[in-house]
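The shown structure was predicted, so the numbers you read here are calculated from the model rather than taken from an experiment.
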Amino acid sequence: MNDIQSIAKQRARSSRGSLGLSGSEPLDPTKILRMKKGISIVRKPLDSSISGCFLRGRKASVVLLNSKRTAGHQNFTVAHEFYHIEYEPALQGSVCKVEEIGST
């Protein structure tokens, strides 16, 4: 296992532990972040390549999801934005776009 995989596995275990989850139970990322971390999740249809974004405030954080994406894509985006919130404390916000395969 390489260093990146080891770090990813350690952070996944750490995140699950901080959220009070076992290492194997299924999870709904939107529900967990709302209930355990107080992160507001907003779903809106966006006519763009944006998957989602987040904004960090002093007392609260907000994640915006593009509801035109599939449920699986939205779940991935919630987890991705949570990574920014949890592991990049200096980042106050971010917009994440879909990389289209074959686009230039």
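Linking Ile, Leu, Val, Met, Phe, Trp and Tyr residues whenever their side-chain heavy atoms come within less than 4.5 Å places Val62 and Ile50 in a single cluster.
Residues satisfying the side-chain contact (heavy atoms from CB on, under 4.5 Å) test with Arg11, not counting sequence neighbours, are Ile7, Tyr83, Tyr87. Scanning for side chain to side chain donor-acceptor pair (under 3.5 Å) contacts around Thr77 gives an empty result, with sequence neighbours left out. In this structure Lys44 satisfies the side-chain contact (heavy atoms from CB on, under 4.5 Å) test together with Val42, Leu46, Leu64, sequence neighbours excluded. Take His80 and apply the side-chain contact (heavy atoms from CB on, under 4.5 Å) test, not counting sequence neighbours, and it matches Phe76, His84, Cys96. Qualifying salt bridge (charged side-chain N to carboxylate O under 4.0 Å, His left out) partners for Lys97, counting only residues two or more places apart in sequence or in other chains: none.
Counting heavy atoms from C-beta on, the side chains of Val78 and Leu33 come closer than 4.5 Å. Between Ser51 and His73, some side-chain heavy-atom pair lies under the 4.5 Å cut-off.
In this structure, Arg56 contributes its side chain and Leu91 its backbone to a donor-acceptor pair below 3.5 Å. Side-chain atoms of Ser15 never come within 3.5 Å of backbone atoms of Ala12 as a donor-acceptor pair (strictly under, hydrogens ignored). At least one donor-acceptor pair under 3.5 Å links the side chain of Gln74 to the backbone N or O of Arg69. Judged by distance alone, the side chain of Arg16 and the main-chain N or O of Ser22 form a donor-acceptor pair under 3.5 Å.
Within the structure, salt bridge (charged side-chain N to carboxylate O under 4.0 Å, His left out) pairs that include any residue of residues 73-90 comprise Lys37-Glu86 (at least two apart or interchain).
Rounded to the nearest 0.5 angstrom, Asn66 CG and Ser48 OG are separated by 6.0 Å. Taking CG from Leu21 and CG from Leu27, the interatomic distance works out to 6.0 Å, rounded to the nearest 0.5 Å. Atom-to-atom distance recorded for Thr30:OG1 and Ile41:CD1 is 5.5 Å, nearest 0.5 angstrom.
The nearest pair of heavy atoms linking Pro45 to Ser67 is N-OG, 2.9 Å.
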| message | Please evaluate residues Ile85 and Val63 with respect to the criterion side-chain contact (heavy atoms from CB on, under 4.5 Å), reporting the C-alpha separation (whole Å), side-chain torsions for both, the decisive distance (0.1 Å), and the verdict. | response | CA-CA 10 Å; Ile85 292 167; Val63 171; 4.0 Å; yes
